[in-house]
Novice: 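This is the structure I want to talk about, given as structure tokens.
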Amino acid sequence: MTPSEYDAATEHREAETVRELGRFMPQEPAWERTRQGTAQFLPDGLDTAGHHLVVAENGSGEVVGNAWIGPDPRQAAGTAGSAIDATAMTCRPCT
């Protein structure tokens, strides 16, 4: 995942989180809570220790999804988040 891919993935993840939280709270506090979560769990963005942020590509090299692999704060281990929309893909690690 490149820095620009990270920015786009973070923007998408945060917007989806706010959409979900917006069912239970006003938008402004939802955005604040979401951004606090990003700052807490990915304090160094792509360089956060113990976390791997990757993209999935199709056979043509187009990015078709992303995954955040690392400690899930709600579980002992697992994937923190992913967004993948492809059937045949290869993964490219962070650069």
Side-chain angles (χ1 to χ4, degrees):
M1 181 177 288
T2 65
S4 63
E5 290 167 339
Y6 171 78
D7 291 343
T10 298
E11 183 177 312
H12 181 264
R13 184 185 68 254
E14 288 181 345
E16 285 297 309
T17 300
V18 169
R19 185 179 64 78
E20 290 293 322
L21 290 175
R23 295 173 25 203
F24 309 103
M25 65 175 57
Q27 291 288 304
E28 194 155 323
W31 275 108
E32 183 178 329
R33 181 175 178 171
T34 298
R35 289 186 176 127
Q36 287 172 348
T38 297
Q40 178 181 357
F41 298 113
L42 290 171
D44 296 317
L46 282 172
D47 298 323
T48 301
H51 295 263
H52 304 281
L53 295 109
V54 297
V55 295
E57 299 175 334
N58 64 16
S60 301
E62 298 169 305
V63 174
V64 295
N66 62 74
W68 169 8
I69 304 164
D72 185 333
R74 299 165 296 180
Q75 301 175 12
T79 302
S82 63
I84 299 173
D85 181 22
T87 54
M89 65 187 103
T90 58
C91 290
R92 176 170 45 87
C94 306
T95 56

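For the single chain, residues carry numbers from 1 onward in sequence order.
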Novice: Please report the closest heavy-atom contact between R13 and W68, naming both atoms and the distance.
Specialist: NE-CZ3, 3.7 Å
Novice: Kindly compute the distance separating CD (E14) from CG (L21), expressed to the nearest 0.5 Å.
Specialist: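 Taking CD in E14 and CG in L21, the distance rounds to 11.5 Å.
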Novice: Might you point out which heavy atoms bring M1 and A9 nearest each other, and give the distance in Å?
Specialist: CE-CB, 4.2 Å
Novice: Among residues two or more places apart or on two chains, list those pairs meeting salt bridge (Lys or Arg N to Asp or Glu O under 4.0 Å) that have a residue in residues 29-56.
Specialist: none
Novice: Which heavy-atom pair separates T48 from F41 by the least distance, and what is that distance?
Specialist: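 Between these two residues, the closest heavy atoms are CG2-O, 3.8 Å.
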Novice: If I take atom OG1 from residue T34 and atom CZ from residue R19, how far apart are they, to the nearest 0.5 angstrom?
Specialist: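 So the gap between those two atoms works out to 12.0 Å.
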Novice: Membership question, hydrophobic clusters at under 4.5 Å side-chain separation (ILVMFWY): are L42 and V18 in the same one?
Specialist: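 No, no single cluster joins them.
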Novice: Do T17 and T38 touch side chain to side chain, with heavy atoms closer than 4.5 Å?
Specialist: no
Novice: How close do H51 and P71 get, counting heavy atoms only, and between which atoms?
Specialist: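 Result for this residue pair: CE1-CD, 3.6 Å.
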Novice: Linking directly or through intermediates, with side-chain heavy atoms under 4.5 Å: list the remaining ILVMFWY members grouped with F24, chain and number order.
Specialist: none
Novice: What distance separates T10 OG1 from L46 CG, expressed to the nearest 0.5 Å?
Specialist: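 It comes to 7.5 Å.
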